[in-house]
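Report on the structure given below.
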Amino acid sequence: MKRLEQKQPMPHFKNPIVIASALVLIAELCFAGVSALVKHASQTLPYEHLVFFRNLFAFILLLPWLYRRRTTAFKTEQLPLHLLRAVVGIAAMYLFFLVIATIPLAQATLVLLMAPFIIPIISYFWLKESISQRVIFSIALGFSGALIFLNPLAQSIHPMVVVALVAAVFAAWTKTMIRKLSTTESPSKIVFYFSFFASVLSALPMLIRWQPIAPSAWGAILGIGLLAVVGQLAMTRAFSIAPPSQVGVFTYSSVIFAALLGYLIWGEAITFTMVLGSAIIFVAGYLALRRTRNPVNSLSGVVSGGRTR
């Protein structure tokens, strides 16, 4: 009788939650780059131009994929949800770009920091995904670290922060919609439909406020589109293989990337509260990641919508 071999645990680097977390970090680095380029380009261009060209270049970069998949690229079972995501995403983008153009980059990053706090709530009521006390604690800890990092008590809060909060709700909703779309759609198709509808929807405001674009500004515009595509693909893939309530905490890393870019480009100071907040954010991320090592406790978080991916 052959001795039954004990099943070896999955290597940590092959764990879907680990992969999704790394993809979120890559996506947030790209989005921080987009924010920096938007802040730079908004000095000479209206943000309506930046929103349109961000979506247009993202769509153009997806044309090779569209050509290869031309027989199946437009086939979808969730066209209304694609359109809804584009409408909500465009609204969030307009508000976010307006915030970036109005207030400092570090303070504007508060938009991205609020979204992970809202994602589990939307996932709970809309996708019926359970939220454990550990996930709630890790998200709250990460949010607390973000507040310490930004240190809002040491400086007056700009009225545009209210606009940022509205944008955060929209952004959280769009990220949660990715999870629902991924039950039938590939990451490339999700990004394609968003870029297509977003380009169409953002064309009219751009034409209304049209002004000539200097040749020197095209490099920043192209960079915005390229980084946005890479970030969208990474984020879409991450949320297609893991629930937003588990990996959404890693979007707090955006404030770290924003602070580094602010320091390197605009000479913005890095204070003790920023370092302390970063440490707390990493602890929160570690707690969220450590949760997946217990298969019993993590099962409800990995299964959503009747499917595991």
Side-chain angles (χ1 to χ4, degrees), residues 16-17 19-32 34-35 54-55 58 78 81-97 99 109-129 131 135 138-139 142-143 146 164-195 197-198 227-255 257 284-285 288 301-302 304-305 309:
I17 307 299
I19 297 173
S21 301
L23 288 172
V24 172
L25 291 174
I26 294 173
E28 293 302 332
L29 178 59
C30 291
F31 294 149
V34 170
S35 299
R54 172 250 184 265
N55 293 304
Q78 305 194 60
L81 190 58
H82 280 295
L83 181 58
L84 176 62
R85 178 173 178 254
V87 172
V88 178
I90 278 292
M93 198 179 303
Y94 274 121
L95 295 177
F96 183 48
F97 280 27
V99 170
T109 308
L110 184 64
V111 176
L112 299 179
L113 298 177
M114 287 297 190
F117 189 71
I118 303 168
I119 285 173
I121 301 174
I122 298 177
S123 298
Y124 176 79
F125 287 103
W126 191 32
L127 302 182
K128 309 302 180 184
E129 292 183 352
I131 307 176
V135 171
S138 64
I139 292 175
F143 182 70
L165 293 176
V166 176
V169 174
F170 289 161
W173 191 9
T174 59
K175 290 179 180 180
T176 310
M177 274 189 268
I178 293 174
R179 183 66 178 171
K180 193 171 184 65
L181 284 166
S182 65
T183 58
T184 59
E185 312 289 79
S186 67
S188 298
K189 184 173 291 188
I190 293 173
V191 175
F192 160 72
Y193 267 107
F194 177 82
S195 299
F197 283 130
L227 289 177
V229 169
V230 176
Q232 281 259 356
L233 288 173
M235 186 69 72
T236 300
R237 182 57 180 165
F239 285 165
S240 69
I241 63 178
S245 58
Q246 280 191 284
V247 298
V249 67
F250 289 99
T251 57
Y252 288 124
S253 63
S254 60
V255 70
F257 298 135
V302 175
S304 66
R309 298 194 64 177

*How close do Leu181 and Ile190 get, heavy atom to heavy atom, and via which atoms?*
CB-CD1, 3.8 Å

*Validation row: Val24, Met235 side chains within 4.5 angstrom (heavy atoms)*: yes

*First locate atom CZ of Arg237, then atom CD1 of Ile19, and finally report the distance between them rounded to the nearest 0.5 Å.*
8.5 Å

*Contact check, side chains of Leu25 and Ser21, non-hydrogen atoms, under 4.5 Å*: no

*Mind listing the closest non-hydrogen atom pair of Glu185 and His82 along with its distance?*
OE2-NE2, 2.8 Å

*Heavy-atom closest contact (Val230 atom, Cys30 atom, distance)*: CG1-SG, 3.6 Å

*In Å and rounded to the nearest 0.5 Å, what is the CG to CZ distance from Leu83 to Phe197?*
5.0 Å

*asked:* So, taking the atom named CG in Asn55 and the one named CZ in Phe194, what distance separates them when rounded to the nearest 0.5 Å?
replied: 5.5 Å

*Of all residues at least two apart in sequence or in a different chain, which pass the side-chain contact (heavy atoms from CB on, under 4.5 Å) check with Val88?*
Leu84, Phe170, Trp173, Thr174, Met177

*For the atom pair CZ (Phe96) and OG (Ser35), what is the distance rounded to the nearest 0.5 Å?*
3.5 Å

_Rounded distance (nearest 0.5 Å) linking atom OG1 of Thr184 with atom CD of Gln78_ = 3.5 Å

_Heavy-atom pair of closest approach, residues Ile26 and Ala234_ = CG2-CB, 4.5 Å

*Quick one: list whatever passes side-chain contact (heavy atoms from CB on, under 4.5 Å) with Ala20, sequence neighbours left out.*
Ala238, Ile241, Ala242, Val247

*Kindly give the heavy-atom pair with the smallest separation between Ala171 and Ala92, and that separation in Å.*
N-CB, 3.9 Å

*Output the distance between atom CZ (Arg54) and atom CD1 (Ile90), rounded to the nearest 0.5 Å.*
7.5 Å

